[in-house]
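Treat the numbers as computed from the prediction; the structure is a model and nothing was measured. Each chain gets a letter, A, B and so on, in the order its sequence line appears, and its residues count up from 1. Side-chain atoms are counted along with the backbone in the values below, which use heavy atoms only and exclude waters and symmetry mates.
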Amino acid sequence: MAKAKLKREVILALREYFLWLSILSILPSMMSPTTADPSYYYAGYAFKNKEWLAPWGTTAEIYAVNTNVPAGHLYAEWITIILSYYYKYWIQLGYLKTYTYTEPWFYWETYDSSGQHRTYVIGSTIPGHTYTFIIVHATKTDLRLWDLVIREGANTIWSGEVSVNPYEPKDHRAFVETTTTAICITGSHFSELRYFDGRSWPYWYTHVKIADLPYYVVEVSHHEFYANGGG
Amino acid sequence: MVRVLPLIVRILIFASAFSTTVIFAMLVFWPCGLEYYVAPFSINPGDFYGAGCREVSLDEFVKVVSEAGRTIYLPSKLPRGLKLTTIYFKDGPFIAIFVYGAEGNKDYKTAELCIEISPSGLPPSSLAQLKSISPDYDYVLEINKWLVRVKKDAYIGSEELRRKYGRDRAPLAEAWIEGFNYLIGSPILTAEELLQLIQSMKPIAQSPL
């Protein structure tokens, strides 16, 4: 009798456990940050150069802006090295804010032939601070390796190494990106845009301005701009 | 008679189910320990059209390349009725995208075959080095003394290509020819067809395509 009662209670307990498990398992997908709309809007500079080769490194100082993000959307401010335009491979470093965050977070992202589309958030920014983002080839025997560095002033906040294939740079970009024009990016500021020529880091000395309406770019120089609008 | 478990047992059951869910979520979203993995949404660096490229004729492109004292190679044989539809070119840094299609599609984002050509700043020094950095490639070899590698199922990052061809993997070939890097991708061709295509490459002035 007692054995049968115990058996019934175990079955009841298991049933309740799996019931809770199925209810709770819905939560992560509800909390997961996804975009509702695949549209992208840009404001910033594409790299323009008189050199034959794409440089093997790029860097910029980016002011951390904290602005409102509607549900299902995000904005990001980044530097990128393009590895392929057709299949779309790249290395990207910057900060982003999705509607689930209260402040922008640093991240890095790579797309390459391995299929490892990776986006990693690596700590939060302090809005109002300016950070230096650096992507530079590691120049090691393993040609796939690139170094990523985030600094504030002289302090290195984070550094890491990523491996990509194909590994040769095709182009560079520095942009504010949003997934809806309802996001106001006013105050965005990129400065100290430089490229790596193999020995030193000269300034970008020409550029292509890109701004999707309602966003606009205020050009200060080839290596500095403000991006405003939206909202 | 409805049997109900004691409250303390029910709380324990909820706690264990909650812990299981949290542990599972952490394993999925924190695969690298301290870094928070957020792959479900996509950031996009923009396209070639917005990078200051222009559409050029083959004659114009040949002129630019020959003035620089360089030689570009293009396939002399193309499978499946493919033809060169257009060329997008950006100088400084030099990038050319050759677009091929069987039905005249000129949009590189959805083309059936694209060849991206850019000067190579750091080519592999030998076949051995190329092999060492290509562990997941299916062919790593020399063709016409050029270093070549092909991956049968390279990931397609482009949403436009994935949508049009209904797949997220396709062959990708890479060749280093006389100072240039050639990235050759096609969602409709096989890896072996890409190898044959590279084998047929000839200096641009001699290419009938």
Side-chain angles (χ1 to χ4, degrees), chain A residues 8-9 12-13 16-17 20-21 24-25 27-28 32-35 38 40 42 46 48-54 56 74 76 78 80 82 84-90 92 96 98 107 109 111-115 117-122 141-144 165-166 168 170-171 173 175 177 208 210, chain B residues 3 5 9-10 13-14 16-18 20-21 24-25 28-29 32 35-48 50-52 68 90 92-95 97 108 111 114 116 118-122 124 129 132-134 136 151 154-159 161 168-169 172 174 181 183 185:
Chain A
R8 270 199 303 275
E9 282 183 351
L12 266 178
E16 188 155 338
Y17 173 77
W20 276 119
L21 207 56
L24 291 166
S25 63
L27 286 178
S32 136
T34 52
T35 52
Y40 300 100
Y42 301 97
K48 182 75 179 164
N49 190 2
K50 289 168 192 160
E51 304 296 331
W52 184 257
L53 291 166
W56 286 70
L74 67 89
W78 44 253
T80 291
I82 306 276
S84 164
Y85 273 114
Y86 179 49
Y87 274 3
K88 275 201 176 170
Y89 300 145
W90 65 81
Q92 193 167 85
L96 63 84
T98 73
Y107 76 98
E109 178 176 78
Y111 267 71
D112 78 344
S113 66
S114 70
H117 158 213
R118 296 165 294 186
T119 310
Y120 287 102
V121 167
I122 48 185
T141 314
D142 186 344
L143 301 171
R144 296 170 293 179
N165 249 338
E168 295 222 31
K170 298 286 183 291
D171 215 349
R173 296 183 156 206
F175 279 127
E177 174 186 346
V208 178
I210 291 150
Chain B
R3 289 192 169 275
L5 294 166
V9 176
R10 296 191 70 190
I13 289 168
F14 173 79
S16 58
F18 184 78
T20 309
T21 311
F24 178 77
V28 170
F29 294 114
C32 277
E35 294 182 356
Y36 177 52
Y37 181 63
V38 285
F41 64 74
S42 181
I43 298 166
N44 196 325
D47 60 31
F48 195 44
K90 176 188 174 185
F94 180 107
I95 311 164
I97 299 183
Y108 86 88
C114 266
E116 289 178 76
S118 58
S120 175
L122 197 58
Q129 189 185 26
S132 75
I133 61 167
S134 314
D136 55 348
K151 189 175 168 69
Y155 178 68
I156 301 174
S158 159
E159 282 173 16
L161 281 179
D168 64 0
R169 300 270 172 177
L172 174 72
E174 197 171 7
N181 175 259
L183 269 182

Check: At a heavy-atom separation under 4.5 Å, does B:Ile133 approach chain A through its side chain, its backbone, both, or neither?
Finding: both
Margin query: If you compare all heavy atoms of A:Ser84 against all heavy atoms of B:Glu116, which two are closest, and at what distance to 0.1 Å?
Written below: OG-OE2, 2.7 Å
Note to self: Looking at chain A, which one of B:Gly185, B:Ser118, B:Ser134, B:Gly52 has the largest number of heavy-atom pairs inside 4.5 Å, strictly under?
What the structure shows: B:Gly185
Checklist line | Note: A:Asp171-B:Lys90 ion pair, threshold 4.0 Å (strictly below) | finding: yes
Next item on the list: Return the orientation label for the B:Phe18 and B:Phe14 ring planes: parallel under 30°, perpendicular over 60°, tilted otherwise.
Entry: parallel
Check: Using non-hydrogen atoms only, which part of A:Tyr86 is less than 4.5 Å away from chain B: side chain, backbone, both, or neither?
Finding: both
Next item on the list: Could you tell me which portion of B:Asp47 (side chain, backbone, both or neither) has an atom closer than 4.5 angstrom to a non-hydrogen atom of chain A?
Entry: backbone
Check: Highest number of heavy-atom pairs under 4.5 Å with chain B: which of A:Leu143, A:Asn165, A:Leu53, A:Val208?
Finding: A:Asn165
Notebook entry, point to check: Under 3.5 Å, is there a donor-acceptor pair between the A:Tyr111 and A:Gln92 side chains?
Noted result: no
Check: What part of A:Thr80 gets closer than 4.5 Å to chain B, counting heavy atoms only: side chain, backbone, both or neither?
Finding: side chain
Item checked: Side chain / backbone / both / neither for A:Glu168 at chain B, heavy atoms under 4.5 Å -> side chain
Checklist line | Aromatic ring pairing A:Tyr42/A:Trp78, orientation class (parallel under 30°, perpendicular over 60°, tilted between) | finding: perpendicular
Checklist line | Atom group of A:Tyr85 that falls short of 4.5 Å from chain B, counting heavy atoms | finding: both
Next item on the list: Could you tell me which portion of B:Leu122 (side chain, backbone, both or neither) has an atom closer than 4.5 angstrom to a non-hydrogen atom of chain A?
Entry: both
Notebook entry, point to check: Closest approach of B:Ile97 and B:Tyr108, non-hydrogen atoms and distance?
Noted result: CG2-CB, 4.0 Å
Check: Where do A:Tyr87 and B:Ala154 come nearest, in terms of heavy atoms and distance?
Finding: CE2-CB, 4.5 Å
Notebook entry, point to check: Taking all non-hydrogen atoms of both residues, which atom of B:Pro119 and which atom of B:Phe94 are closest, and how far apart?
Noted result: CD-O, 3.2 Å
Notebook entry, point to check: By a 4.5 Å heavy-atom criterion (distance strictly below it), what part of B:Ser120 contacts chain A: side chain, backbone, both, or neither?
Noted result: both
Note to self: At a heavy-atom distance under 4.5 Å, which candidate from A:Ala76, A:Ala46, A:Ala54, A:Pro166 has the highest pair count against chain B?
What the structure shows: A:Pro166
Checklist line | Region of A:Ile210 in contact with chain B, defined by heavy-atom distances below 4.5 Å | finding: side chain
